[in-house]
Structure formats: structure tokens, C-alpha cells
Amino acid sequence: MNAIVTTVASHQILALRRRRVLGVLVGSLVGVTVLAGVLGWASHQTIIGVYDESVKLLTSRSLAAPPNPFLLKPVLSMLSNMVIYVTMIGALVALVFGHVIVAEDDTTGIGRLVFSRRLSRTQYALGKIAAAGLTLGFSMLMCALVSIAALILVNRTLPSGGDIGRLGLFFGFSWLYLMVFALVGMVTLLKSGRRSLGLLSAMGVWLVVTFAVPQFTSGLRPSQSLNPIVDPISTSQAFFKITRRARPFSIAEQFKEASARMLQTAPSEPISTTLVRVLTIAAALTLLCAIAIRLVQCHDFSRSNSGE
């Protein structure tokens, strides 16, 4: 990275750490990962307990016992809840995080001091984006380590190289998805010019992407959005036959479906199809980066919204 971009990014990360925002972000994302691991462990213990009792009963009656149900399931299936947690909780946390990154400079007058020096606005924007990317990347790394620890605890053995690779793909993809929402938080603030309105607008985008668009493009009820693999009966209706054509543009659905393939919790599909899903979110991230840079170039940092 350019030296100035690196300086802006490092200063932003240091400021976030001092305000404890960094700890809250990492703690929140690691917390939901721990929750997914605990739920996976509890489910594992319950099913194994029922299986052991069934084996005892069948053995007492001289009947053959069925195979262990966990031997028939993918190893990473116990972390399937992470798909939903990233889509809903992770995206919301990333959105607020992106908002905070820009809001402090915009509302405290720091922006006026920053641009009193010879600093390109493009470099400033790239530094902010880099700070978000590095912080979310570190958070995803911590989440991956916690997930591996959960797998070791439940399975009492090290996961295979293939499982670790798929887990890495999933958290890398999750980073891409969360970056989209971090940039949404930045863009809405820069566009609205007011801190409260920017945050409210960002949350509106989150609601539309997470609930409204999937409902229109797939016939999903809001509660069905919690299921990463679903085939709604309502898609047979004429209205949804039309709106489902926009489904490839629903990044929440593309994330859930691609993630389910990465974790092997859904029927396999051609790699090219999964790649298209990933590229859809990458395209959204690229577009938002361009918009954020453009808005920073046009934004008036000479006025302060500290009185909001």
C-alpha cells in the first residue's frame, strides 16, 4: 500500500482500539462463532446420547444398530449456523463499524484538520477502506481459529486439511460479504451528510438486503430467511416466477447458497455456479468502493455535525 494510505489505515485502527470499538467488533463476531460452536456441540451431544440409547435397546433385542448419524454428515455441518449469523448479526455489526469509521472524522471536525495537510482524498478513502478490511480480516481469522477449536472439541480429533481449507474459504467469503456492509455504512453517512440519518439509512439497506429482497425474489417469508437452504412453494405463483429472475442480484441469497456449498451442508453444484455467486458479491464490493471514494472526494469536511 501507499505510505499515506498505510498511515491513515494504521491511525484509524489505533483510534478504534483506543475507543474500544475494535474490541467490541472482534468480540461480537467471535461471540457468535462461539455460540455456533456451543449449539453444534449441544446438538452433537443430544444426538449421540439418543443414538447410544438406541444402540443399547437394539442390542438387547439382538437387532442390528444403524450407523452413527454423525458419520453420515459433513464435519463442518455443526457450524452451519454461522451462515445465518454472518448474514444477519455480522452484517449489522459491520455496517455500524463502517459508519463509525467515517463518522468520527466527519462529526468531530477532525476531517478539517486532516485535509489542511497535503493529503489526497483518494488516499484518505483508501486508508479508511483498508482499515475496515484489515480489522474485519483479523476478526474473521479469530473466528476461524475458534471454529477449528470447536471442531477439535466436538470430534476429538484434528480436522482434515480439506475441512480446514473449506473453513478458510467460508471465512474469506464472509470477509468479502461483511466488507460490503462496512462500505454501506460509510456510503450512507457520506451521502446523507448527517450521522443519525446515515445510520438509519444504512440499517434500512440491511433490512432490504437481508429480508425484503429474498422475500420478493424467492417467495421467502421473513422467518424463512433464517434457513440457508430452502425451496419455497410460493415460487410457483406467477408473481414470483417474474421476480425470481432478479435472484442472482440478491447478495444475501448468493452468500447463503455459496456458503452452504463451501461447508458442504447443501447439495453440490458446479464450481462455476458457486464462483458466479462469489463474483456477484465481489462486484458489489467493487462498486461500493468506487462510490465511497467518489463521495469522499465530494464531501464537505469543513463543516461539523457534532451538534447532532
Would the number of heavy atoms belonging to other residues, nucleotides or ligands and lying under 6.0 Å from CE of M142 be above 12?
-> yes
From T135 OG1 over to L178 CG, what is the distance, rounded to the nearest 0.5 angstrom?
-> 12.0 Å
Check: F181 ring centroid to Y177 ring centroid under 6.0 Å = yes
Mind checking the CD1-CD1 spacing from I164 to I148? Nearest 0.5 Å is all I need.
-> 5.0 Å
Heavy-atom pair of closest approach, residues W206 and M88 = NE1-O, 3.2 Å
Closest contact, heavy atoms only, R195 versus L189 | CA-CD1, 3.5 Å
Exam field: side chain R261 to backbone P267, donor-acceptor pair closer than 3.5 Å = yes
Using the rule that two of Ile, Leu, Val, Met, Phe, Trp, Tyr join whenever any of their side-chain heavy atoms come within less than 4.5 Å, decide whether L14 and V8 are in one cluster.
-> no
Got a second to check how far L176's CG is from M140's CE, nearest 0.5 Å?
-> 12.0 Å
R121 side chain to V296 main-chain N or O, any donor-acceptor pair under 3.5 Å?
-> yes
Interatomic spacing from OG in S259 to CE in M82 - rounded to 0.5 Å | 9.5 Å
Roughly how far, to the nearest 0.5 Å, is CZ of F97 from OG of S139?
-> 7.5 Å
Give the intermediate values and the outcome of side-chain contact (heavy atoms from CB on, under 4.5 Å) for residues L126 and N2.
-> CA-CA 9 Å; L126 290 175; N2 180 282; over 6 Å; no
Give the table of side-chain donor-acceptor pairs shorter than 3.5 Å for residues 28-38, with sequence neighbours excluded, one pair per line with atom names and distance.
residue, atom, partner, partner atom, Å
S28, OG, V24, O, 2.7
T33, OG1, L29, O, 2.9

Can you see which heavy atom on I101 is nearest to which on K128, and at what distance?
-> O-NZ, 3.2 Å
Within the side chain of K191, is there an N or O that forms a donor-acceptor pair under 3.5 Å with the backbone of L295?
-> no
Listed by chain and number, what are the salt bridge (charged side-chain N to carboxylate O under 4.0 Å, His left out) partners of R277, not counting sequence neighbours?
-> E257, E269
Taking the side chain from S80 and the backbone from S77, do they hold a donor-acceptor pair closer than 3.5 Å?
-> yes
Is V83 close to L263 at the side-chain level, that is, under 4.5 Å between some pair of heavy atoms?
-> yes
Find the distance between CG (L95) and CE (M203) and round it off to the nearest 0.5 Å.
-> 7.5 Å
Would a hydrophobic clustering, with Ile, Leu, Val, Met, Phe, Trp and Tyr connected at side-chain separations under 4.5 Å, put L136 with L145?
-> yes
With the side chain counted from C-beta on, respond yes when H99 and V184 share a heavy-atom pair under 4.5 Å apart, and no when they do not.
-> no
Would you find a donor on one side and an acceptor on the other, under 3.5 Å apart, between the side chain of W175 and the backbone of L134?
-> no
Please name the pair of heavy atoms, one in S147 and one in L79, separated by the smallest distance, quoted to 0.1 Å.
-> CB-CD1, 3.7 Å
Hey, does T265 have a side-chain heavy atom less than 4.5 Å from the side chain of L76?
-> no
Side-chain (T210) to main-chain (L207) donor-acceptor, under 3.5 angstrom | no
Transitive ILVMFWY side-chain link I152 to L167, under 4.5 Å | yes
Would you kindly confirm whether M78 and L158 end up in one hydrophobic cluster when ILVMFWY residues are joined by side chain heavy atoms under 4.5 Å apart?
-> yes
Identify the heavy atoms of G185 and A202 that sit nearest to each other, and give their distance.
-> CA-CB, 4.3 Å
Residues forming a salt bridge (charged side-chain N to carboxylate O under 4.0 Å, His left out) with K56, sequence neighbours excluded = E53
Non-hydrogen atoms of F255 and I281 that approach each other most closely = CB-CD1, 3.8 Å
